[in-house]
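Lettering follows sequence order; numbering is per chain, from 1. Values reported hereafter were calculated over all heavy atoms of this structure, with side chains retained and with hydrogens, waters and symmetry mates removed.
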2 protein chains.
Amino acid sequence: MAVHKPTIHDVAAKAGVSKSLVSLALRGSDKVSAESRLAIENAAAELGYRPNAAARSLADRRSRAIGVLVLDFNNPIFAQILDGVQEVAGENGYNTLIVTGSADPVRQESELARLLEFQVEGLILIAHRLSAETITRISDERPVTIITRNDVTGANVDTISNDDQAGARIAVEYLISLGHSHIAHITGGDNQISRDREKGYRDAMHAAGLHDHIHVIVGDFTDSGGYRAANELFASYPEATAAFVANDLSALGVMAAATDSGLNVPTDFSVIGYDGMALASLRTLNLTTIQQPLVEMGRLAVAQLLARISTPNIPNVSVQVDSKLHLAGTCAPPRK
Amino acid sequence: MAVHKPTIHDVAAKAGVSKSLVSLALRGSDKVSAESRLAIENAAAELGYRPNAAARSLADRRSRAIGVLVLDFNNPIFAQILDGVQEVAGENGYNTLIVTGSADPVRQESELARLLEFQVEGLILIAHRLSAETITRISDERPVTIITRNDVTGANVDTISNDDQAGARIAVEYLISLGHSHIAHITGGDNQISRDREKGYRDAMHAAGLHDHIHVIVGDFTDSGGYRAANELFASYPEATAAFVANDLSALGVMAAATDSGLNVPTDFSVIGYDGMALASLRTLNLTTIQQPLVEMGRLAVAQLLARISTPNIPNVSVQVDSKLHLAGTCAPPRK
DNA sequence: GACACTAGTTGGAACGTTCCAAGAAGGGAA
DNA sequence: TTCCCTTCTTGGAACGTTCCAACTAGTGTC
């Protein structure tokens with residue numbers, strides 16, 4: 001292992017020029033003679049020189065990094081969003097510092113503090129569980145873009161979300177169009193996204209004159225939560241022929257519960273999810289769902305964040321992307 | 001947004017002390033009087049002071065960060081490994097910089113360079129596709145721990161892996177114990193892990209006197225690759241009653257292909273995977289597999305890396321964790 | 001032969017910390 | 001009173017960059 005990490009001074013000495021010229025040359029300035037440039041590049045290569053990002057960020061007064069706080073790596077939809085985030089960040093020469101906060105808001109705050117100490121130029125929050133006050137406070141220091149939610153506003157906060165109520169209505173209307181009327185809903189628990197999806201369900205049921213058939217079971221966005229909720233549903237509302245489930249992960253749990261109860265999906269029981277997680281569209285699962293353009297949402301978020309970083313006072317933006325029905329194998333007309 | 005970010009000097013001025021004392025106080029030194037400490041803490045809080053990690057890392061000559069290069073966020077097993085990594089890193093006061101390299105080795109190298117510029121104190125490579133020379137070169141600058149592979153060695157390189165050959169043998173022996181003899185193998189393509197798993201398959205078949213029944217189809221560790229390979233298998237070797245598939249993700253593709261071909265899993269055709277990815281143990285999928293202790297592997301990797309960071313010349317370590325058979329729903333005795 | 005211009009190059013200051021050697025203030029011992 | 005010892009506090013140097021104003025050497029113009 002190298003005893004002493006070479007610095008710009010070492011390169012300068014080796015190339016026989018000043019440190020300033022090395023700095024210039026390595027950043028591709030055109031005011032360096034071809035001869036000097038060559039000597040510098042050779043010296044740098046021979047020494048294995050690597051610029052020190054900390055020193056650069058200090059001298060530059062900018063870090064060229066954005067921070068990303070993700071709720072949880074284990075829900076695969078976040079991987080898809082991150083793909084979009086990394087793509088656009090990379091294209092623009094930004095590093096991405098990714099941190100998972102636990103669901104615990106206290107730990108999330110300390111993760112956030114670490115990102116801010118790194119002097120990130122902006123923050124992307126993916127499915128966070130932070131309070132509105134925290135975000136407002138943070139956004140006072142740094143621009144913030146929130147993905148998958150739009151319930152927090154602030155001068156320095158932009159949001160990228162889909163219209164959860166509209167998406168939920170589409171799901172329910174599709175089930176109705178197949179002939180279902182006993183349609184249950186399994187929620188994602190106590191959070192804004194879940195509330196919106198539930199509202200869409202209720203609205204669609206009302207609009208179709210099916211308010212008497214509204215049946216809601218509380219879930220929690222996990223597969224095991226979906227499994228438990230589905231069993232509850234089969235016990236409490238056996239007339240149900242279909243369920244709109246708050247997200248794909250818990251829809252998989254619902255499918256498992258149906259199978260365990262001897263119900264064939266979709267001939268005995270139809271299931272529709274929400275999100276568009278890549279794994280659920282595997283043929284083995286083939287889940288019908290409301291598909292959000294997840295990668296695109298990641299891209300949009302970075303684009304918006306970078307726009308606000310370069311021009312701080314642009315008006316607030318709240319982008320709503322379109323989610324669409326993804327037809328697959330878990331919905332069918334009800335038995336007669 | 002604050003016009004000027006407060007620095008340690010601002011805090012010092014506000015608290016009426018020197019910047020040095022602020023530095024001492026905020027790092028919890030015991031040689032600061034209670035009175036000064038209080039004044040400093042109040043001033044820092046009022047100003048919303050945040051230490052600048054870049055400046056600290058420069059002055060300190062250490063970054064308190066480790067870099068993690070992940071092949072791909074979309075295979076959920078990496079999320080599990082990362083959970084272990086983040087846990088132990090966090091406990092030890094280290095930040096984790098996570099980067100996804102694409103499968104493209106050139107892009108992977110540039111991602112790596114970015115991590116090194118951040119002055120990470122060590123690197124964790126998860127399922128990398130880098131050449132042995134690259135890793136040896138890198139490990140000359142920084143300690144490296146490799147997860148899920150052990151085919152690269154070097155003075156400064158440790159590895160955490162499972163014994164892929166042994167795991168594969170367990171899988172095949174299990175199928176044999178159920179009564180199967182026409183057991184095919186679908187590989188993960190041209191890489192070390194895949195080669196080891198194939199060797200385990202061949203060895204187990206030989207040991208059981210089934211060398212005449214060895215049948216290998218090339219896959220690529222993805223679900224669609226598994227699907228394609230399985231269809232190839234059904235066409236070329238219809239006698240097969242079971243398949244050992246190189247990883248869980250492609251095993252899901254195999255299951256889909258079986259279903260599409262009218263084969264019920266497991267009564268008509270048994271499938272066993274490898275990895276232990278959390279989603280595959282969902283009841284809906286309920287995949288029988290060889291389970292690696294993924295979270296634990298992440299933990300071990302960080303522990304080992306930190307050990308080498310603090311004591312550079314300790315002997316090389318190559319930890320092999322035990323993988324075990326996870327019994328589930330996709331294997332059964334063959335039809336008579 | 002003086003002058004202006006251009007291309008290339010330079011040293012020093014600055015960025016926000018930590019570390020270090022050294023100073024100030026107060027108390028106790030002689 | 002003097003001296004030493006603690007306890008607390010301090011300013012300056014250093015970390016590795018970037019930026020800036022200024023310098024040198026050559027080239028062309030009149």
Side-chain angles (χ1 to χ4, degrees), chain A residues 2 4-41 43-44 47-65 93 95 114 116-121 141, chain B residues 2-41 43-44 47-65 93 114 116-121 141:
Chain A
H4 168 72
K5 297 207 68 204
T7 71
I8 203 171
H9 291 99
D10 301 317
V11 177
K14 178 142 196 162
V17 298
S18 72
K19 63 169 188 10
S20 305
L21 198 61
V22 174
S23 171
L24 242 31
L26 293 181
R27 280 174 299 140
S29 159
D30 57 354
K31 21 183 69 179
V32 177
S33 69
E35 194 188 7
S36 301
R37 158 161 289 123
L38 194 66
I40 290 166
E41 280 167 0
L47 292 171
Y49 167 74
R50 290 195 193 277
N52 181 322
R56 164 175 298 172
S57 137
L58 196 57
D60 234 17
R61 279 183 275 320
R62 47 175 305 208
S63 61
R64 292 159 203 282
N95 283 309
R114 282 170 40 203
L116 289 168
E117 291 182 10
F118 257 100
Q119 310 301 113
V120 294
E121 299 180 22
E141 294 183 50
Chain B
V3 170
H4 168 71
K5 296 207 69 204
T7 72
I8 203 171
H9 291 99
D10 301 317
V11 177
K14 179 141 194 163
V17 298
S18 72
K19 62 166 188 15
S20 305
L21 198 61
V22 174
S23 171
L24 241 33
L26 293 181
R27 281 174 300 140
S29 158
D30 58 353
K31 23 183 65 177
V32 177
S33 68
E35 194 188 8
S36 301
R37 159 161 289 124
L38 193 67
I40 289 167
E41 280 167 0
L47 291 171
Y49 167 75
R50 288 195 195 277
N52 181 322
R56 163 177 299 172
S57 137
L58 195 58
D60 233 16
R61 281 182 273 319
R62 49 177 301 211
S63 61
R64 291 158 205 282
R114 283 170 40 203
L116 289 168
E117 290 181 10
F118 258 100
Q119 310 301 113
V120 293
E121 298 180 25
E141 295 183 49

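Applying the salt bridge (Lys or Arg N to Asp or Glu O under 4.0 Å) criterion to Arg62(A), with sequence neighbours excluded, gives Glu121(A). Take Ser33(A) and apply the side chain to side chain donor-acceptor pair (under 3.5 Å) test, not counting sequence neighbours, and it matches Ser36(A). Not a single salt bridge (Lys or Arg N to Asp or Glu O under 4.0 Å) links Lys19(B) to another residue, sequence neighbours left out. Looking at residues two or more places apart in sequence or on another chain, you find a side-chain contact (heavy atoms from CB on, under 4.5 Å) between Glu41(A) and Arg37(A). For Arg64(A), the salt bridge (Lys or Arg N to Asp or Glu O under 4.0 Å) partners are Asp60(A), not counting sequence neighbours. Applying the side-chain contact (heavy atoms from CB on, under 4.5 Å) criterion to Asn95(A), with sequence neighbours excluded, gives Ala65(A), Arg114(B), Phe118(B). Looking at residues two or more places apart in sequence or on another chain, you find a side chain to side chain donor-acceptor pair (under 3.5 Å) between Ser23(A) and Arg27(A). Looking at residues two or more places apart in sequence or on another chain, you find a side-chain contact (heavy atoms from CB on, under 4.5 Å) between Ala55(B) and Leu58(A), Asn52(B). Remark: Arg61(B) pairs with no residue by the salt bridge (Lys or Arg N to Asp or Glu O under 4.0 Å) rule, at least two apart or across chains.
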Please list, pair by pair, any protein nitrogen or oxygen found under 3.5 Å from a nitrogen or oxygen in nucleotides 24-27 of chain D.
none

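When all heavy atoms of Leu21(A) and Ile40(A) are compared, the closest pair comes out as O-CD1, 3.8 Å.
Between the P atom of dT7(D) and the CZ atom of Arg37(B) lies a distance of 15 Å, rounded to the nearest Å.
Applying the 4.0 Å criterion to OP1 and OP2 of dC15(C), one finds that Ser57(A) has every side-chain N and O outside that range.
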Next on the checklist: Output one letter per nucleotide in nucleotides 16-27 of chain C: B when a protein non-hydrogen atom lies under 4.0 Å from the base, S when only the sugar-phosphate is that close, - when neither is.
Outcome noted: BBBB--------
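Helix-axis bend for the helix from dG1(C)-dC30(D) to dA30(C)-dT1(D): the local axis fitted to the five terminal pairs at one end deviates from that at the other end by 70°, rounded to 10°.
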